[in-house]
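All remarks here apply to the structure that follows.
Computed from a predicted structure; not experimentally measured. Residue numbers start from 1 in every chain, and the chains themselves are labelled A, B, ... in the order their sequence lines are given, proteins ahead of strands.
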Amino acid sequence: MLSRLVLTSNPVLLLLLSLVQASRSFHQSSQSLAPVPPLPEKGGKVRHGIFPEELFTLLYPKTGVTGPYMLGTGLLLYMLSKEIYVINHETFAAASIGAVVIYGIKKFGPSVAAFADKLNEDKVAKAQEVKDQAMASLAQGIEDEKKEQWRVEGRHMLFDAKRNNVAMLLETNYRERLHMVTNEVKKRLDYQVQLQNLHRRMEQEHLVNWVEQSVIKSITPQQEKESIAKCIADLKVLAKNTQARATV
Amino acid sequence: MAGRRAATKAIDWVAFAERVPPNQRAMFNSLKTRSDSIAAKLASLPEKPATIDWSHYRSVVAKAGMVDEFEKKFAALTVPEPVDTQTAKIDAQEQEASKTAAAYLEASKARIAEYEKALEKFRNMIPFDQMTIEDLNNTFPETKLDKAKHPYWPHKPIADL
């Protein structure tokens, strides 16, 4: 069972399976644990690409480092000498094919593995990004909700403001009424005063006119002639005096 | 003549402005301008009206007793305070608002609970590189391929690839 994340629509699946490079992982133990523990990144170690390391470890205590090699050589010579394996033209074909395959794998293996790994990692990174974004937006959503709750708490301010407005309007109205009353009373009193003044002025003027009229009427024509004659005499004297003064 | 009215509470307009959500800012601004104009008008009126100089009038006005009569009536006159019809309505509005606010808070808390649950799910999720396809389908049900509807690979419409 592939334990790497194999997201859908992975066209490199077949390519991965055909690679022997140690970038794929094997299920090492036969036990099944739940939850699945993290699986190893690399597969079992092998020597020369085929022979598992366990063989060498097995033989080391008895035969040392060269044990498995001697075993391999011995087996090979036995098969050749006893003609269990017969050398024929297929042998050369196998050898050449083997050489080319090994050369190809050694040269291009790592880059292909890196390419496949990168494909996988891109998918994982995308999924991770989606997850991060989702978590960020959720956290942001929680923050916003808390802020809105805080905002709601301040609703009493609105009503305080409204009540204040109402109270201020009432007070303004009341004061306006007071002022109006005072002003009206004042206006009435002032009117009376003005009226009195007007009366007095009219009386005064009328009296003055009347006195003037009576004085004019009382001047008799006799007195008028006398006063005109006196005025002419006075004027003559004045003229003489002024002439005298002018010549001097 | 000195009637009394309910004392106005000092309003902290700055704190109030902070609590206004951006989509209601226009309403808040109009409320503020109105309140400010009312306050200005109130401040422009003196609290007590100008006193009338009765002695001066008594000496000037010739008609006997007129000034005295005016003075008596003036002192006896009480200006009725304007009746407050709106405060009750405002209180009723406040009750309404409290109720809707409580409902909104409930809904908000429910939403927060939902968000928290989803966040928990995300936090307790196993990392992507240790998931199998089954785990992925369990965590995100929308990734499950419908093998009944599309029996042949790739088990989803080609356009969705």
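Note: B:Glu18 CD to A:Trp150 CH2 = 5.0 Å, rounded to the nearest 0.5 Å. A:Asp160 CG to B:Ile11 CD1: the interatomic distance, rounded to the nearest 0.5 Å, is 5.5 Å. The CZ atom of B:Arg19 sits 12.0 Å away from the CD atom of A:Glu148 when rounded to the nearest 0.5 Å. The distance from the CZ atom of B:Arg123 to the CG atom of A:Leu138 is 9.5 Å, given to the nearest 0.5 Å. Expressed to the nearest 0.5 Å, how far CD1 of B:Ile112 lies from NZ of A:Lys146 amounts to 5.0 Å.
Highest contact tally toward chain A, considering only B:Ala101, B:Ala118, B:Pro21, is held by B:Pro21 [criterion: heavy-atom pairs under 4.5 Å]. When each of A:Val152, A:Leu189, A:Asn173, A:Val193 is checked for heavy-atom pairs under 4.5 Å with chain B, A:Leu189 comes out on top. Your options are B:Leu105, B:Ile126, B:Thr100, and the one with the most heavy-atom pairs under 4.5 Å with chain A is B:Leu105. Contact tally against chain B (heavy-atom pairs below 4.5 Å) for A:Gln149, A:Lys147, A:Glu145: the top residue is A:Glu145. With chain A as the partner, the residue from B:Ser44, B:Pro127, B:Pro80, B:Ala15 showing the most heavy-atom pairs under 4.5 Å is B:Pro80.
Side chain of A:His156 to main chain of B:Ser98: no donor-acceptor pair is present (N/O by atom type, distance under 3.5 Å, no hydrogens or angles).
Of the two parts of B:Pro154, neither the backbone nor the side chain holds a non-hydrogen atom closer than 4.5 Å to a non-hydrogen atom of chain A. For B:Asp12, the part sitting under 4.5 Å from any heavy atom of chain A is the backbone (N, CA, C, O) and nothing else. At a 4.5 Å heavy-atom cutoff, the contact between A:Arg155 and chain B is made by side-chain atoms alone. In this structure, chain A has a heavy atom under 4.5 Å from the side chain of B:Tyr104, while its backbone stays farther away. For A:Glu121, no part lies near chain B; criterion is any non-hydrogen pair under 4.5 Å. Contacts of B:Lys73 with chain A are absent, with no heavy-atom separation under 4.5 Å from either backbone or side chain. With a 4.5 angstrom heavy-atom cutoff, B:Phe70 touches chain A only via side-chain atoms. The parts of B:Pro46 that come within reach of chain A are both its backbone and its side chain, each placing non-hydrogen atoms under 4.5 angstrom from that chain. Contacts between A:Gln192 and chain B at a heavy-atom distance below 4.5 Å involve the side chain alone, from C-beta outward. Proximity to chain B (any heavy atom under 4.5 Å) is shown, for A:Asp190, by both the backbone and the side chain.
By the 4.5 Å heavy-atom criterion applied to side chains, A:Lys162 and B:Gln86 are not counted as neighbours. Looking at A:Leu170 and B:Glu81, their side chains never come closer than 4.5 Å, going by heavy atoms from C-beta outward. With a 4.5 Å cut-off on side-chain heavy atoms, A:Asn120 and B:Asp129 do not count as touching. Side-chain contact between A:Met157 and B:Trp13 is absent, with no heavy-atom pair separated by less than 4.5 Å. Two residues are said to be in side-chain contact when any heavy atoms from C-beta on lie closer than 4.5 Å; B:Leu31 and A:Asn165 meet this criterion. Taking 4.5 Å as the limit, some side-chain heavy atom of B:Phe16 sits within range of a side-chain heavy atom of A:Leu158. Proximity of A:Val181 to B:Phe74: side-chain heavy atoms (C-beta onward) are separated by under 4.5 Å at one or more points.
Atom CD of B:Glu134 has 12 or fewer neighbouring heavy atoms from other residues, nucleotides or ligands inside a 6.0 Å radius. Within 6.0 Å of the OH atom in A:Tyr69, the count of heavy atoms belonging to other residues, nucleotides or ligands exceeds 12. For B:Arg25, the CZ atom is densely surrounded, since the number of other residues' heavy atoms within 6.0 Å is greater than 12.
Among residues 195-215 of chain A, the residues having any heavy atom closer than 4.5 Å to a heavy atom of chain B are, in sequence order, A:Gln196. At a heavy-atom separation below 4.5 angstrom, chain A is approached by B:Ser35, B:Ile38, B:Ala39, B:Lys41 within residues 33-41 of chain B.
Between B:Glu94 and A:Arg163 there is a salt bridge, with a side-chain nitrogen of the basic residue lying less than 4.0 Å from a carboxylate oxygen of the acidic one.
Of all the heavy atoms in B:Pro82 and A:Tyr174, the pair that sits closest is CD-CB, 3.7 Å.
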